[in-house]
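The structure under discussion appears below in the form of structure tokens.
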Amino acid sequence: MKISVNVNGRNVDADVEPRKLLVDFIRDDLHLTGTHVGCDTSSCGACTVLLDGVAVKSCTMFAVQANNRNITTIEGLSKGDELHRLQSAFIEEGGLQCGYCTPGMIMTSAWLLSNNAAPTEEEIRNGISGNLCRCTGYDSIIRSIQKASSDRRGGRK
Amino acid sequence: MEATERFVRGKGRYVGDIELPGTLHLAIIRSKYARARLLRVEGGISGRDLSAVIPDVGEGARGESWKIKQPVFATGQVNYLGQPVAAVYADNKYLAEDLMDSVDVSYEPMQPVLDEQEAMTAEPIHPGLNSNVATDQFIGKDFEEKDAEVVLDDAFKIGRIATDPIETRGILVNYDGSRLNVWVSTQAMFSIRNGLCATLGLPITSVRVMQADTGGAFGSKSAMYPEYAIAAFVSMKTRRPVKWLESRKEHLTASRPGRGVSGSMKLFAKRDGTVIGLKGEIIVNGGAYLDGLARFSPMFIGMQLTGPYAIRNGYIRAISVVTNTPPLGPYRGAGRPEAAFFRERMMDLLADELKLDPAEIRIKNATDQVFTNPFGMRIIGSRQFMTEAFDSLEYYKLAREPNGRRGVGISCFVLVPALMEGESCKLKVDNGRIKAWLGGNSHGQAHEVFVRKLIGSTLDVSTGVVDVQPGDTDMITSGVGVWGSRSAIVAGYATVLASQTLKEKVVKTKGLYTPEYLLAGNYEAEVLNEKFDDPSLNSFGANLVTVDVDELGEVTVEECRSYYDVGNALNREMVKGQIAGGMAQGISSVLYEGLIFSKDGTLLTDSIASAGVPPARELPHFVTGITEHPSSLPHGAKGVGEAPTIGVPPALVRAIEKATGVRIRNIPIHPEVLIGPKK
Amino acid sequence: MYPPSFDYAAPDDLDEAIKLFELHNDNAKIMTGGVGLINAMKHHIIRPGFLIDISRIRELSLIGDHGGYLSIGATVKVAELQRSDLVKRNYTAISEAAGAIADPLLRNMISVGGNVCTGNPDDDLPPVFLSMDAQYILAGRNGRRVIDADGFYLGHMSTAIRPGEILVEVRVPRQAERSGSAYIKRELRQNDHLVAGVAASISLEEDGRYKRLAFGLSGSGNTSIHARLPGAKFTGSRPIDVPVGDIAKMVVEEASPLSDRQGSASYKRKVILALAREALTLALQRAEQGGQK
């Protein structure tokens, strides 16, 4: 089936089998391998991308459902060499260890901050509860999001 | 680019991200039953095509498997749910999965034996054996009980847990006509190399293993597994690259889980609280096929049962059994949490019996000097540490606060790191830069940070000139792996020694050492650690946990604090990150996590959510306290990675016990247990 | 973990969807959000040959106040339902149930239709709709029909929806003045099967007596349950004369929870009792504070 999607600002026309999951379209067809797969049950959120600006789990959508829509993956978050403030904050606050959940966690955080510029700790804990991290215990992730939030309000990009 | 920057940019190179043209994708047909006669397998690749067994490599390996060896493909009988029966491959993973329907397998189900206690008396699961007991030994020495004024006994059980890294296992193999080139998600690339060679009968030189970025492991990624042999076999057969990525459901059924241990303890004490001896029995669920780890585990648990206390008498029966569950693997702590749970539960019981404060009874049994326990484990003086720890954790203050449905618990433990020799570091100076290779590499512990720091400080060079290379068995002679809280100690030590060797080489050619001489030349050094022993490396830790338990038995962890002696912290932030992450696992091993089977062997916890990996909203903020008493090694390091999974569970169950009045003997805990009649 | 092949269509017109469904009815499935469906397909629990994605039909994606009732389109995402001020203000339990579903990301994907029309006892919205006397609008070849939520849930994964019918809308009667509602649930683990959930929906007479009280239960039997007994028994009573605990006990009588990994039946009854007490107390507070504005 022919689909047309905008991925990270670029228009892509593709012919996909209806059964192809969005995450496999992104990883295998578009070679954007920053979006990961961690479970088969839409539990872990490693596959999180933004669909028309809203965070979704790309392992539980077919690529055809994204037809005529905009997708942002982790690769589309930074502007060239310049890291997005969330990416910088995750590095500075140690918000990752093995790094596998990180792209999904950052995409969810981007969506969270787009709805709530200054979330409380509790709002962050709830907001990222669709993303599992096995390494950090989440404290450093929460600090990272808080840092990005205050950087943004402080005018840092 | 730094690893962390690659990861936040989505530029990690995990095994699933590596693409080779013409790659075939493998799908495994697995046993639907925990135990069944395998009547027929038609189609795909199966035991008829590849008849081989899995060798004993990886964490806890003792060189040789037990007499019943794990086959790559089951033949005749399947012995655990998820055991590989056949495999198919295709040009993409969707087609490979479609092909699974083409394999026809018929079974005659049999009653499985799932539990270690049941296994002691059940009929043997393997044909030709007399019993399910694989090892049965006594450690320590029997002792007279007549001096005891108080004798307490109790029995405990710790359920199986999946390691559940967010990245599951995976491998990519490319046979180039003469060698197998392997990319794998692992904690131990040399174990995978040696394992592949032993399984397939290949010379060591014919396999090259490269560690891909590894998305967590927690124990499950050091062993050899059937799927790796199958991928290599298919690549050799087809002369094409072959990729296998584990699904989560496969992870929960066919990766090696940890824990699964029963313990019965008998504690002998004086009325003043002095513990004079400990007897007991440990039964480890080794799974369907036992390797070195499973056979060693009951003795390893037994050996640590005195922990930081000067308990002079000990006599433990250490048993491992086979069951119809996946082979036991290590899970963060691997025997240490079991020992701490059994012992700390008994110390709390003694405190209750004598109406003494749990902190007081622990300090009373501490030692002021080096102490060798009845099983040969050595510790340095623990009393001062404990005294500091309870102050630092604010135990006395929190224990005095009015509690209601709240409870406070503490624990003390010894972290015995895995110090086996053979960890390695190779350094090469060229073009003004220093390249470093390790035998065991990071899967989230940021080895590159401490390696750079140690090279920088030993050689007086900027850390910016050091390039830590990805793991590659072609680039370094040998190595062990990353587990057992060992890396900062042994890989750190190897790095220091290799740096010192470079220094000596500069002195030999130039007469004296300067960083400029070093960087202007071409030098190389490779070091393999020899065995060393130092009781101070058995480091102390203590935890405090406070909880609130509601009327339905739901536990909310309010405070979770550590006080760990981490030696010289090579990077404080990384150390604290390890502690916070480990404390999360310690909490979830008590409240959420477990692999639960129905009686017929069906896995009831078949998703990462039902297996209990908790999201942020179910965990507290962690207070990561450390103290730094350097070890006797030149860089002063001690272990840390496993400390939280050892110390948190006993402190947490004690807090729950104080809040509810219900004595806790088994973990994980279902809330229902906490609103039952008080015991 | 990959679904077998199927054909797919995403019509933007309801009549077109109905036609397609009729044509392929023997092996077609309607997809609204797709989360439950795709998970079942990935695990090969179902293998539809044709998927009709109705998420692009605009008329099904709206939340609206129609005077006498609140209209919720079948493809409305539960995140939108959770956030809607109209819903939050006047139909609090609906907002709470929507916010209790899965996790924040899945709430961006799961649709009202998907949560309402499977007959899964763990679903969060049905107990609230039952407690509020909602109606479901089903569209098919022969036009539309209206069915009470009350008669919709027949058994485990079984509903009154007929072959060829598509759930297009949920209508919730306008909540009277001095009404209040709440939904509370217990899970052992997020995204796992729940232990139980209770929806309470009440309204009070001007003099403070119970005018209406109704409860819906999740995780309390083989499908969603409407607990009617308390309404029959206590309508007309004054809250001050009837302890909340007595009403909650009556709610438990209508539950028939099964013993499983989430807990024994007797434990679940204790949970339902506590949740019913809590939900009713909250609903009462809300009603006494004025309810419908």
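Every chain is numbered from 1, with letters handed out A, B, ... down the list of sequences. Model, not experiment: these values are computed from the prediction.
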Write down the atom of [X], the atom of [Y], and the distance for their closest heavy-atom approach.
{"X": "I608(B)", "Y": "S43(A)", "value": "CG2-CB, 3.5 Å"}
{"X": "C135(A)", "Y": "F218(B)", "value": "SG-CZ, 3.8 Å"}
{"X": "G137(A)", "Y": "L619(B)", "value": "O-CD1, 4.4 Å"}
{"X": "Y100(A)", "Y": "Y14(B)", "value": "N-OH, 3.3 Å"}

| Residues which pass side-chain hydrogen bond (donor to acceptor under 3.5 Å, both in side chains) with T136(A), listed by chain and number, not counting sequence neighbours | none

Among [options], single out the residue with the greatest number of heavy-atom pairs under 4.5 Å to chain A.
{"options": "L252(B), T163(B), I579(B)", "value": "T163(B)"}
{"options": "D606(B), D98(B), L245(B)", "value": "D98(B)"}
{"options": "S588(B), G577(B), S607(B)", "value": "G577(B)"}
{"options": "A446(B), A584(B), G216(B), S247(B)", "value": "S247(B)"}
{"options": "I166(B), D164(B), T624(B)", "value": "I166(B)"}

4.5 Å side-chain heavy-atom contact, [X] and [Y]:
{"X": "E618(B)", "Y": "R125(A)", "value": "no"}
{"X": "R9(B)", "Y": "H84(A)", "value": "no"}
{"X": "E122(A)", "Y": "R617(B)", "value": "no"}
{"X": "E5(B)", "Y": "L83(A)", "value": "yes"}
{"X": "L132(A)", "Y": "P615(B)", "value": "yes"}

| Do D24(A) and Y94(B) have side-chain N/O donor and acceptor atoms under 3.5 Å apart? | yes

| task | Kindly indicate, with the supporting measurements, whether the criterion salt bridge (Lys or Arg N to Asp or Glu O under 4.0 Å) is fulfilled by R134(A) and E593(B). | result | CA-CA 12 Å; R134(A) 187 62 158 160; E593(B) 291 192 64; 2.7 Å; yes

Side chain / backbone / both / neither for [X] at chain A, heavy atoms under 4.5 Å:
{"X": "H443(B)", "answer": "backbone"}
{"X": "K11(B)", "answer": "side chain"}
{"X": "T168(B)", "answer": "side chain"}
{"X": "E246(B)", "answer": "neither"}
{"X": "A580(B)", "answer": "both"}
{"X": "P644(B)", "answer": "neither"}

Separation between [atom1] of [X] and [atom2] of [Y], rounded to the nearest 0.5 Å:
{"X": "F7(B)", "Y": "H36(A)", "atom1": "CZ", "atom2": "NE2", "value": "8.5 Å"}
{"X": "N92(B)", "Y": "K20(A)", "atom1": "CG", "atom2": "NZ", "value": "6.5 Å"}
{"X": "E167(B)", "Y": "C98(A)", "atom1": "CD", "atom2": "SG", "value": "7.5 Å"}
{"X": "H621(B)", "Y": "R143(A)", "atom1": "NE2", "atom2": "CZ", "value": "8.0 Å"}
{"X": "C39(A)", "Y": "K249(B)", "atom1": "SG", "atom2": "NZ", "value": "13.0 Å"}

Residue, of [options], that accumulates the most heavy atom pairs under 4.5 Å with chain B:
{"options": "T102(A), L96(A), N126(A)", "result": "L96(A)"}
{"options": "G95(A), G34(A), G99(A)", "result": "G99(A)"}
{"options": "Q87(A), R19(A), E121(A)", "result": "R19(A)"}

| query | Would D28(A) and K93(B) count as a salt bridge (Lys or Arg N to Asp or Glu O under 4.0 Å) if you check the C-alpha gap in whole Å, the side-chain angles of each, and the deciding distance to 0.1 Å? | reply | CA-CA 11 Å; D28(A) 300 344; K93(B) 55 200 178 189; 3.2 Å; yes

| query | Quick one: which residues of residues 17-27 of chain B reach chain A at under 4.5 angstrom, heavy atoms only? | reply | D17(B), E19(B)

Which bit of [X] comes within less than 4.5 Å of chain B, counting heavy atoms only: side chain, backbone, both or neither?
{"X": "E93(A)", "result": "neither"}
{"X": "I141(A)", "result": "neither"}
{"X": "D139(A)", "result": "side chain"}

